[in-house]
Amino acid sequence: MTKHTVKTIQAMRDEAQTITMLTAYDYPTAKKVNDAGIDMILVGDSCAMVVHGHPNTLTATMDMMGLHCAAVARACDRTMVIADMPFGSFQYSVEETMRNAARFVTEAKVDGVKFEATPNHIEKTEAIVKMGIPVVGHVGLHPQAVGALGGLKVQGKDVDTARKVVSEALALQEAGAFAIIFEAVPAKLSAYVTEKLSVPTISIGGGPGCSGQLLVTHDVLGMYDNFTPSFAKRYQEVGQLMLDTFTQYKEEVLAGIFPGEEHSYKMSDEVMEAIEKEFNR
Ligand code: KIV
C-alpha cells in the first residue's frame, strides 16, 4: 500500500468508502495507527491538553507542534499526516500563515495542514492551497475559540449557528480545502452538508453521515481523564493498565523481584577476582 494523498482520499469518498482518521502526537503511537491501516492522522493541537496537561488548546505553539508533527511523520509510510496549525500561527496575515504552513511541510515533513478557519481565513486557505499544500478545513466547534464560545459546546443547533456551519463548509470547499472536519455538529446537519459538498467530510462528534470519522487517540485508549467529550468512545482503559503496571513495577522493585537474573549482565569470575584483588588491597 502506498501513502495516501489528496487523490486517494477523494477517491475513497467518491467510492463511498468510509475514511478513518485518528490523532497522534508521537512516533510509537503513529506507527501503530499507520500499521492499523488508518487512512489519516491529525497531529492535533489537542496535544496541548492530552500530552502536555494544559487546560485547553490555546497554549500549543509552532515549536511544540513542529516536534510532534516530525515524530509522527517519521512513522507513517501509509497514513496521510495533517498538522494542526496552532492558535496565533494563522491569525495575523496571509504571509505569516503561508510561512507557518510551509514550515510544517519542510521541517516536519507532514502531508498537509488543518486550521480552524472562520470566514476571516478564507483568503489564507486559498493562499496555502495555491502554494501546493493540501488544506483540511474545520467547521462547527472550534476549540481555539473556547473563551469566546464559553466552553466546548455543540454548534449548529439553532438557525444562526447551523447557517454558519453550512456557509463556512461551502466557502472552505470553494477556497480549495480537500476535506472538512465537522466537530460537535448535529448529525442531521453534517449529513446534509456532506450531501451538498463534493469533498470528503470527517466527523468528530458530527455523526455517522460524514465521509469519515476522527477521534482523539487518548480518548480511544482511555488515557486522558480530565475531560472526555460525549461523542468520544473509550475503546480501552490503557490509563488504568498503565497505573496497574507502574504499581506492579514498584512492588517488584521493593520486594527484590525485579531485576531478576535474566535482566542482569554477567561477567566472568576471573575478571571479578582481578578487580577485587586490585581494589581490596
Ligand atoms: O486538535 C485536535 O485534536 C482537533 C480535533 C478535535 C479536530 O482539532
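Quick caveat, the model's predicted, so the values are computed rather than measured. Counting starts at 1 for both ligands and their atoms, following the listed order.
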Shortest protein contact, [atom] (heavy atom only):
atom: atom 6 (C) of ligand 1; result: E183 OE1, 3.5 Å
atom: atom 8 (O) of ligand 1; result: K114 NZ, 2.9 Å
atom: atom 4 (C) of ligand 1; result: L42 CD2, 3.5 Å
atom: atom 2 (C) of ligand 1; result: S46 OG, 3.3 Å

- Record the part of D45 in heavy-atom contact with ligand 1 below 4.0 Å; permitted values are side chain, backbone, both and neither. both
- Salt-bridge contact K233-D219 (side-chain N to carboxylate O under 4.0 Å): no
- Query: Does E126 pair with K130 as a salt bridge, N-O distance under 4.0 Å?
  - Reply: no
Could you tell me, atom by atom, which parts of ligand 1 come under 4.0 Å of a heavy atom of [X]?
X: G44; result: 1 (O), 2 (C), 3 (O)
X: H138; result: 7 (C), 8 (O)
X: T23; result: 3 (O)

- Message: Pairing donors with acceptors under 3.5 angstrom, does anything connect the side chains of T201 and T194?
- Response: yes
- Any donor-acceptor N or O pair under 3.5 Å, side chains N100, T97: no
- Residues S46, Y25; criterion side-chain hydrogen bond (donor to acceptor under 3.5 Å, both in side chains); working and verdict: CA-CA 9 Å; S46 47; Y25 317 99; 2.7 Å; yes
- Message: Nearest 0.5 angstrom please: N56 CG to D45 CG, how far?
- Response: 9.5 Å
- Note on the structure: Taken to the nearest 0.5 Å, the spacing of T79 OG1 from K32 NZ works out to 13.0 Å
- At a 4.0 Å cut-off, with the gap strictly under it, does some heavy atom of D84 reach an atom of ligand 1? yes
